[in-house]
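Accompanying notes for the structure given below.
The analysis underlying the following values was restricted to heavy atoms, covering all of them including side chains, and did not include hydrogens, waters or symmetry mates. When a residue number appears, it is its place in the shown sequence, counting from 1.
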Amino acid sequence: EHATNLVVTATKAVAERALGRALAEDPTPWAREALATFKGARQVVVRGSAATLARLEDLGVERAVDAELADDVLVVVTELGDARVELKTQIDALVEAIRDVLASEVRRRA
């Protein structure tokens, strides 16, 4: 179990750097993923920090600066609902998937 925790901790550190860099360079793929959730929406606003929105490609939707959002967060607001995309959520999902794979592999080898 100690070895599993060590691998997960190291993987999380690498993921934070890699995903953080990717989001800092171009948040567009993250925004597209969130927008895909609401394909039928007619009223769409992408909210984010001024720095994040400045790096976002034109997606054909309204943008709104939200000074309360960190640079690693985008929020898509529609009449169908909202979606929050943030670095922490992406990393937590990745870490949980890795933990599940490692646990499964340990059980299989036991």
Side-chain angles (χ1 to χ4, degrees):
E1 185 172 325
H2 177 70
T4 298
N5 287 337
L6 185 60
V7 169
V8 169
T9 299
T11 302
K12 183 176 181 181
V14 170
E16 285 172 343
R17 284 189 209 135
L19 293 176
R21 193 173 306 122
L23 180 59
E25 291 173 7
D26 185 8
T28 304
W30 298 48
R32 281 194 177 120
E33 180 181 323
L35 289 170
T37 305
F38 302 107
K39 282 192 179 200
R42 291 175 296 191
Q43 298 171 333
V44 180
V45 178
V46 175
R47 292 180 24 231
S49 70
T52 300
L53 293 179
R55 294 187 311 274
L56 190 64
E57 290 178 18
D58 183 9
L59 298 170
V61 298
E62 182 181 338
R63 301 174 190 211
V65 173
D66 187 332
E68 294 184 16
L69 293 177
D71 286 344
D72 62 354
V73 178
L74 283 171
V75 178
V76 175
V77 180
T78 77
E79 77 274 13
L80 303 175
D82 302 347
R84 184 180 181 98
V85 180
E86 59 186 301
L87 182 60
K88 181 186 179 325
T89 303
Q90 301 292 324
I91 290 171
D92 288 349
L94 177 64
V95 167
E96 192 58 34
I98 290 168
R99 189 180 304 278
D100 289 347
V101 168
L102 288 172
S104 176
E105 188 62 22
V106 167
R107 282 192 304 274
R108 188 182 70 78
R109 293 179 181 221

*Same cluster or not: are L94 and V8 linked, directly or through other Ile, Leu, Val, Met, Phe, Trp or Tyr residues, by side-chain heavy atoms under 4.5 angstrom apart?*
yes

Note to self: Please determine whether residues F38 and V45 belong to a single hydrophobic cluster, defined as Ile, Leu, Val, Met, Phe, Trp and Tyr linked transitively by side-chain heavy-atom distances below 4.5 Å.
What the structure shows: no

Taken in chain and number order and not counting sequence neighbours, the residues that satisfy salt bridge (charged side-chain N to carboxylate O under 4.0 Å, His left out) with R17 are none

Closest heavy-atom contact between [X] and [Y]?
X   : Y   : result
L53 : G48 : CD1-O, 3.6 Å
T28 : E57 : OG1-N, 2.9 Å
A34 : V85 : CB-CG2, 3.5 Å
S49 : V65 : C-CG1, 4.5 Å
R55 : D26 : O-OD1, 3.8 Å

Please walk me through it: do V76 and V44 pass side chain to side chain contact (heavy atoms under 4.5 Å, CB included)? CA-CA 7 Å; V76 175; V44 180; 4.0 Å; yes

Q: Please tell me if the side chains of L56 and V46 come closer than 4.5 Å, counting only heavy atoms from C-beta onward.
A: yes

* Asked: Is there side-chain contact between V75 and D66, with heavy atoms separated by less than 4.5 Å?
  -> no

Counting distance only, does the side-chain N/O of R47 pair as donor-acceptor with the main-chain N or O of R63 below 3.5 Å?
no

**Prompt:** Just by distance, do the side chain of T9 and the backbone of N5 share a donor-acceptor pair under 3.5 Å?
**Reply:** yes

Separation between CD (E33) and CG (L74), nearest 0.5 Å, reads 11.0 Å

Distance col, row T52:OG1 vs L69:CG, nearest 0.5 angstrom, shows 8.5 Å

Residue pairs passing the side-chain hydrogen bond (donor to acceptor under 3.5 Å, both in side chains) test with at least one member in residues 74-85, sequence neighbours excluded, are R84-E86

Applied to residues 95-110, the salt bridge (charged side-chain N to carboxylate O under 4.0 Å, His left out) test, sequence neighbours excluded, yields E105-R108, E105-R109

